[in-house]
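Reading through the structure tokens given below for one structure.
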Amino acid sequence: MRNEFIAFSIISVVLIGGVAWWLWHPLAYTYIVLLPVIGIGFYDMIQTRQAIKRNFPILGRGRYIFESLRPKLYQYFIESDTDGTPFSRTHRSIVYQRAKKELDTTPFGTQLNVYDEGYEWMAHSIAALDKKLLNHDPRVLVGGPACKQPYSLSIFNVSAMSFGSLSKAAIMALNGGAKIGGFAHNTGEGGISPYHIEMGGDLIYQVGTGYFGCRADDGNFSPERFKVSAAYPNVKMIELKLSQGAKPGHGGILPAAKNTPEIAAIRGVKPHTQVDSPPYHRAFTNPLGLLKLIQQMRELSDGKPVGFKLCIGHKHEFVAICKAMIETGIIPDFITVDGGEGGTGAAPLEFSNYVGMPFKEALAFVYDTLVGFDLKKHITILAAGKVISGFDMVRAMALGADACYSARAMMMALGCIQALECNNNKCPTGVATQDPELVKGLVVENKQVRVANYHQLTVESFVELMAAAGLKEPSQITRRHLSRRVFMNLVKRYDEIYPYVPKGSLLDIDTCPQDYAELMRYTNTDSFAMQ
């Protein structure tokens, strides 16, 4: 193809020149297009980075154009309503429809194959309740015995997404929606920006391994700066992030292109540089140290609810933390469980795909362990991991959650089209970008209402499912209410797949269930390692 292109270039230049000279002078204007194309083609042949362009000048560029368009073309013209990833067209559509308060019902029955392995459903009741008689704004009070300022939390909230990962318009729209709908907005580990404060919505201030917003000059935790951040009236809860589902054990990444001077000032870092949060905390090294930091945060925040977020890795580490709670009497007000399928703007493929315990197993394990240590009565469990519909919330609560988070669904309510451009600052809807021209497309006044609409209608769908099951309160949902097709001809209830651990059974080695025996024997409170 290289020889053919050279021959084409010579022949076309000579031929056009001859015709323009002897027959029709205006044809010479063709050179305005032709010569740049030839120049690009010769550049393709001499560059050394891309073999396809060297061997197929000009034409080889089509490969990269189509590759960039592939995600958009695939979701609109190729994938079915049910097989898109990470979210199917069916799930994306329900968010868009609820955000706009459009028709969100489906005609002609389910498109799912109910005989596929893994299909799940909820048991309804012949004695169903009238949904109009139920509370359409169910909430949970977060705050244990040591909490001075308990918070009435909605059962559905905005999960952690930082300013920097998201645009200022996206942050304002999410927080404005939280204000309208009366739910909470997690700041993400990037600290509290002016855009989190401006709209007046309730905040859950997240502190990650980078300690943004409470970061000392040497990168360690600063109690003085934490106290200032935690004192904002909008801050209702504080969440210490140990790990997140999309990249547990990796730490956060803020690309240099997104690290503007404004973002750098908020985080206390150098602008226009890639900012990597460490994969571990410097403020503690063992379970006892973790709980001492939680206690310190509780005191510095004047008794606001303080908890931690994690994606489960080694089970023994969580068991060690629970042992430390018993030993010290320091009990967090809440624990957020993030599934390994959680999302992020940027993570290595290996971490997104293969690291971290999936949502269902993690949530059931955390709940069972807390019950086994008789700690659950003091601790609220928040769940995150592809929660998008009322059924997802029912499933989370059946496994042990008291309330739910959602990140990507809230982004879709803002207008996210799952373009998969979050990591390159080119988000076409202005959600996950710092490009001013793209951010202009996101109108806060409109999108905040859509976020509130989506929250309201999703919670209502959850309440309607409760009514169908004959339940009055979310706390009545148990694992007996859900079933899964394990094989084509075998169905099991959730309480058979994830059997409950007896209350207090982990406090005595004689009553310890078999699954926990080794975990209990080889864990202690002064190390995260098995002894």
Side-chain angles (χ1 to χ4, degrees), residues 74-98 102-131 134 155-156 339-343 353 357-364 367 383-401 404 406 408-409 412 418 454 457-471 474 476-500:
Y74 191 85
Q75 70 166 295
Y76 289 117
F77 300 111
I78 300 173
E79 72 181 27
S80 74
D81 287 344
T82 58
D83 65 4
T85 56
F87 291 95
S88 69
R89 166 61 57 182
T90 300
H91 283 113
R92 297 199 303 273
S93 294
I94 200 170
V95 178
Y96 301 144
Q97 290 160 356
R98 287 177 177 170
E102 294 178 349
L103 186 69
D104 66 347
T105 53
T106 359
F108 228 64
T110 181
Q111 296 185 40
L112 302 177
N113 185 344
V114 298
Y115 297 100
D116 276 348
E117 292 179 11
Y119 175 75
E120 297 178 338
W121 67 93
M122 186 190 83
H124 66 285
S125 172
I126 293 175
L129 304 177
D130 184 349
K131 65 177 182 178
L134 300 186
I155 61 167
F156 194 41
E341 61 270 50
N353 284 357
M357 188 180 293
F359 173 75
K360 297 172 190 174
E361 287 75 16
L363 182 54
Y367 175 83
K386 297 186 77 171
V387 176
I388 199 168
S389 69
F391 177 75
D392 295 331
M393 294 170 66
V394 168
R395 178 168 52 199
M397 292 186 185
L399 288 169
C404 296
S406 181
R408 286 170 289 182
M412 290 178 204
Q418 195 170 282
Y454 167 64
L457 295 179
T458 301
V459 172
E460 285 188 8
S461 75
F462 166 81
V463 172
E464 190 168 3
L465 288 173
M466 274 203 316
L471 306 175
Q476 295 177 304
I477 301 172
T478 71
R479 296 175 191 177
R480 295 179 62 86
H481 290 99
L482 269 77
S483 298
R484 181 192 299 171
R485 187 175 297 283
V486 180
F487 302 110
M488 188 180 73
N489 61 344
L490 178 61
V491 171
K492 288 191 174 183
R493 290 195 316 264
Y494 261 37
D495 61 322
E496 297 172 303
I497 301 171
Y498 309 105
Y500 285 110

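The model shown is predicted, which means the values in this text are computed figures rather than measured ones.
Pairing each heavy atom of V463 with each of K131, the nearest pair is CG1-O, 4.5 Å. Heavy atoms only, all atoms of each residue included: A396 and A383 are closest at CB-CB, 4.2 Å. What you find for W121 and V491 is that their closest heavy atoms are CH2-CG1, 3.4 Å. Residue L134 comes nearest to A467 through the heavy atom pair CD1-CB, 3.7 Å, listed as atom of the first residue, atom of the second, then distance. Between R484 and Y498, the closest heavy-atom pair is NH2-OH, 2.9 Å. Pairing each heavy atom of V459 with each of F156, the nearest pair is CG2-CB, 3.8 Å.
Every residue was checked against the side-chain hydrogen bond (donor to acceptor under 3.5 Å, both in side chains) condition with E117, not counting sequence neighbours, and none meets it. Remark: T478 engages R480, H481, Y500 in a side chain to side chain contact (heavy atoms under 4.5 Å, CB included) (not counting sequence neighbours). Taking the salt bridge (Lys or Arg N to Asp or Glu O under 4.0 Å) definition, one finds that R485 meets it with nothing, sequence neighbours left out. Annotation: side-chain hydrogen bond (donor to acceptor under 3.5 Å, both in side chains) contacts of S483 (sequence neighbours excluded): none. Remark: R98 pairs with D104 by the salt bridge (Lys or Arg N to Asp or Glu O under 4.0 Å) rule, at least two apart or across chains. With sequence neighbours left out, K386 forms a side-chain hydrogen bond (donor to acceptor under 3.5 Å, both in side chains) with no residue at all.
How far CD1 of I497 is from CD of E361: 9.5 Å, rounded to the nearest 0.5 Å. A distance of 9.5 Å separates CG of D392 from OG1 of T458, quoted to the nearest 0.5 Å. To the nearest 0.5 Å, atom CZ of residue F462 and atom SG of residue C404 are 7.5 Å apart. Distance check, rounded to the nearest 0.5 Å: OG of S93 to CE of M412 gives 10.0 Å. L471 CG to M397 CE: the interatomic distance, rounded to the nearest 0.5 Å, is 12.0 Å. Distance CD1/I477 to CZ/R395: 12.5 Å, rounded to 0.5 Å.
Under a 3.5 Å cut-off, the side chain of S406 and the backbone N or O of V387 do form a donor-acceptor pair.
When each of K492, R493, R479, K360 is checked for a salt bridge (charged side-chain N to carboxylate O under 4.0 Å, His left out) with E120, only K360 meets the rule.
Annotation: side chain of L465 is not in contact with side chain of M393 (no heavy-atom distance under 4.5 Å).
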